[in-house]
Amino acid sequence: GIENNYTNRTKYKLWEELSKDPTKRCCPFSGIQIPIHKLFTHEFQIEHILPKSKTFNDRMINKTIAHRKANQDKGERSPFEAFGHDPAGYNYNEILLRAEQLPFAKRRGFFPDAMKNYQDKGEVLSRMLTDTQYMSRIARKYMAFVCGKNNVWSIPGQLTAKLRSKWGLNELLSEDSSKNRADHRHHAVDAFVVACTSRSTMQKVAKAIGNSRDKFIDEMPPPFKQFKHKEMKQLLDDMVVSFKPDHGNAKKAIAEHKTVGQLHKETAYGLVSKDEENGKIILSVRKELVGLESVKKIKEIADPRIRATLLQRTEGKTGKEITGILSEYSKETGIKRIKTQIEKSLDTVVRIEDKKGNYKYYALGNNYCADIYCPDKGKKAGKWQIEIIPMFYAHQQNFTPNWQKENPTAKKVMRLYINDTVAYEENGKTEIRRVRMLSIANKIIYMRKINIAMKENDIGEQFSAKRFQKTNARKVGVDILGRVSDPKKAK
């Protein structure tokens with residue numbers, strides 16, 4: 001019943017560190033026992049062993065679990081500074097004994113000389129300007145060959161996050177003060193912060209540390225004197241995100257006996273019936289009974305009696321409730337795997353035979369590309385059409401799209417792959433989108449705004465062939481600096 005979030009997971013990990021014996025896990029400072037049923041209450045808190053305001057260390061190696069009162073009594077001091085003189089209710093030697101259960105790197109924070117390395121302001125600033133993460137060290141070493149070893153420094157992500165927040169930059173891409181990772185442009189904001197972080201900035205940071213509980217930059221001067229949020233917002237609004245083309249070449253891959261993507265799904269299906277006229281096929285496959293965690297999947301069970309029984313038992317139930325009912329039914333009957341039947345479109349499956357002529361059906365894997373073309377004959381002459389080409393067929397020797405076979409003189413307007421960039425005209429202005437998904441079932445291409453990185457339950461806007469033609473859509477290039485190469489504007 002405890003919410004699964006970062007804070008609660010951190011609390012649990014720190015609690016486990018206190019002792020191998022759960023009954024002996026207690027606050028290192030006060031010795032008050034921390035039972036599991038009280039761990040996630042306000043009575044016990046995550047505490048920095050050495051004050052974050054002086055060490056700028058917010059990592060797990062500097063954290064433990066403490067009783068609320070001990071946390072308040074300790075304040076922004078080291079364990080020795082707060083309890084070394086044995087104030088009422090605390091015994092420093094006992095604190096050291098309890099700390100022996102912790103990892104040595106964490107235990108050192110309880111020693112009398114723990115703050116020795118943080119007394120020199122210059123050294124503290126140096127620590128703030130040095131990120132010890134592996135990739136940062138490698139990047140710094142690499143760039144030192146270009147710029148000189150004294151001209152490159154890497155900045156901890158924690159410091160970048162604090163400056164970004166205090167300068168009010170999170171609000172440029174978010175409705176609140178949190179970082180918006182769903183927008184690719186947050187990388188540009190981070191780059192701006194890093195560019196504005198120098199030793200002089202760090203001097204200002206050191207002077208700006210106040211006396212609040214956070215103790216880390218209550219008031220921070222702007223990045224530079226002429227800085228204006230409005231101008232920064234405009235720059236971000238005008239920014240076009242660049243996506244690296246990574247289509248792969250199916251023809252080249254065939255020659256090298258390789259593939260550029262998954263050709264079909266792994267599950268093999270048996271044939272039940274096929275309706276060529278309506279383009280439908282019914283396939284069968286055995287599945288784990290307890291894995292049918294929804295009413296929709298239970299309806300796929302082939303045996304009508306078992307299907308009716310389970311539908312009756314699971315009526316009005318969801319998720320874990322259904323799984324529990326299926327588990328009980330499995331124990332009653334001994335059934336672990338059960339035959340199911342599903343209906344699919346013939347366009348979405350492929351029949352594969354072995355050398356003996358035995359065959360199975362497989363659901364097609366990823367789609368390779370989408371061809372947008374314009375026929376010059378027949379009822380659809382002059383009207384753009386879309387053909388989605390599955391990865392499986394793109395990897396066949398001498399493959400030719402159906403539209404070229406049926407109308408060899410048709411004009412190919414463009415070929416689109418996932419993450420390609422498209423410009424189009426709508427509501428009196430030019431819009432830019434990237435290809436997010438290709439749907440073979442309804443010949444639709446889904447496109448997202450260029451800056452969106454991830455958005456739950458959002459696969460993008462639907463673009464039919466008609467909409468592409470109506471909005472004068474065209475494939476455009478975006479280089480690594482975000483400059484758009486638009487064939488329409490080039491003319």
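Because only heavy atoms are used, hydrogens play no part in the values below, and waters and symmetry mates are left out as well, while side chains stay in.
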For the pair [X] and [Y], name the ring-plane relationship: parallel under 30°, tilted 30 to 60°, perpendicular over 60°.
| X | Y | result |
| --- | --- | --- |
| Phe227 | His229 | perpendicular |
| Phe44 | His67 | perpendicular |
| His395 | Tyr368 | perpendicular |
| Tyr362 | His264 | tilted |

Heavy atoms from other residues, nucleotides or ligands near [atom1] of [X] exceed 12 (cutoff 6.0 Å):
| X | atom1 | value |
| --- | --- | --- |
| Ile480 | CD1 | no |
| His85 | NE2 | yes |
| Lys475 | NZ | yes |

Which atom of [X] lies closest to which atom of [Y], heavy atoms considered:
| X | Y | value |
| --- | --- | --- |
| Tyr269 | Ala363 | CE1-N, 4.3 Å |
| Arg436 | Ile418 | O-CD1, 3.6 Å |
| Trp167 | Val193 | CZ3-CG1, 4.0 Å |
| Ala394 | Ala250 | O-CB, 3.5 Å |
| Asn367 | Leu438 | ND2-O, 2.9 Å |
| Met447 | Arg433 | CB-CB, 3.8 Å |

Review point. Step by step, would you call Phe463 with Ile444 a side chain to side chain contact (heavy atoms under 4.5 Å, CB included)?
Key: CA-CA 6 Å; Phe463 279 75; Ile444 291 289; 5.9 Å; no

So, [X] side chain and [Y] main chain: donor-acceptor pair closer than 3.5 Å or not?
| X | Y | value |
| --- | --- | --- |
| Lys74 | Arg77 | yes |
| Arg185 | Leu236 | yes |
| Arg467 | Gln462 | yes |
| Asp420 | Val435 | no |
| Arg337 | Arg286 | yes |
| Glu231 | Lys228 | no |
| Asn71 | Glu47 | no |
| Arg98 | Pro28 | yes |
| Thr421 | Val476 | no |
| Thr333 | Tyr329 | yes |

Check your understanding: Do Thr64 and Leu18 come within less than 4.5 Å of each other through their side chains, counting heavy atoms only?
Key ->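 Answer yes - side chains close enough.
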
Point to revise | Flag side-chain contact, heavy atom, 4.5 Å: Glu16 against Arg25 | key: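 Heavy-atom side-chain distance check passes, below 4.5 Å.
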
In Å and rounded to the nearest 0.5 Å, what is the [atom1] to [atom2] distance from [X] to [Y]?
| X | Y | atom1 | atom2 | answer |
| --- | --- | --- | --- | --- |
| Asn91 | Asp86 | CG | CG | 5.0 Å |
| Asp486 | Thr430 | CG | OG1 | 7.0 Å |
| Lys339 | Glu300 | NZ | CD | 14.0 Å |
| Leu289 | Lys331 | CG | NZ | 12.5 Å |
| Ile46 | Asn8 | CD1 | CG | 8.0 Å |
| Glu76 | Leu50 | CD | CG | 11.0 Å |

Review point. Can you tell me if Ser19 and Asp21 form a side-chain donor-acceptor pair at under 3.5 Å?
Key: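 Short answer, no.
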
**Study point:** Option from Phe111, Phe110, Phe80, Phe83 for which ring-ring contact (aromatic ring centres under 6.0 Å, His included) with Tyr92 holds
**Key:**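 Checked Phe111, Phe110, Phe80, Phe83 against Tyr92; only one passes ring-ring contact (aromatic ring centres under 6.0 Å, His included): Phe80.
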
Review point. Who pairs with Lys252 by side chain to side chain contact (heavy atoms under 4.5 Å, CB included), at least two apart in sequence or on another chain?
Key: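 Only Asn249, Glu256 meet the side chain to side chain contact (heavy atoms under 4.5 Å, CB included) criterion with Lys252.
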
Review point. Partners of Tyr6 by side chain to side chain contact (heavy atoms under 4.5 Å, CB included), sequence neighbours excluded?
Key: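 For Tyr6 the side chain to side chain contact (heavy atoms under 4.5 Å, CB included) partners, ignoring immediate neighbours, are Arg9, Thr10, Lys63.
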
Check your understanding: Where do Met391 and Gln262 land on the side chain to side chain contact (heavy atoms under 4.5 Å, CB included) test, with the steps shown first?
Key -> CA-CA 7 Å; Met391 196 73 72; Gln262 185 182 19; over 6 Å; no

Point to revise | Audit row: Asp190, Lys179, salt bridge (charged side-chain N to carboxylate O under 4.0 Å, His left out) steps and yes/no | key: CA-CA 10 Å; Asp190 282 345; Lys179 183 175 183 176; 2.7 Å; yes

Point to revise | CA sep, side-chain torsions, deciding dist, call: Ile49, Lys106, side chain to side chain contact (heavy atoms under 4.5 Å, CB included) | key: CA-CA 8 Å; Ile49 298 169; Lys106 189 169 286 194; 3.2 Å; yes

Exercise for review: Name all pairs fulfilling the salt bridge (Lys or Arg N to Asp or Glu O under 4.0 Å) condition that reach into residues 311-328, sequence neighbours left out, sorted by first residue then second.
Suggested key: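 Pairs touching residues 311-328 that pass the test: Arg313-Glu332.
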
Exercise for review: Could you give me the CA-CA distance, side-chain angles and deciding distance for Glu293 and Lys297, then say whether salt bridge (charged side-chain N to carboxylate O under 4.0 Å, His left out) is met?
Suggested key: CA-CA 7 Å; Glu293 72 280 357; Lys297 290 184 178 180; 3.2 Å; yes

Exercise for review: Take Glu288 and Lys336, measure what salt bridge (charged side-chain N to carboxylate O under 4.0 Å, His left out) needs, and give me the verdict at the end.
Suggested key: CA-CA 6 Å; Glu288 294 289 335; Lys336 296 188 180 298; over 6 Å; no

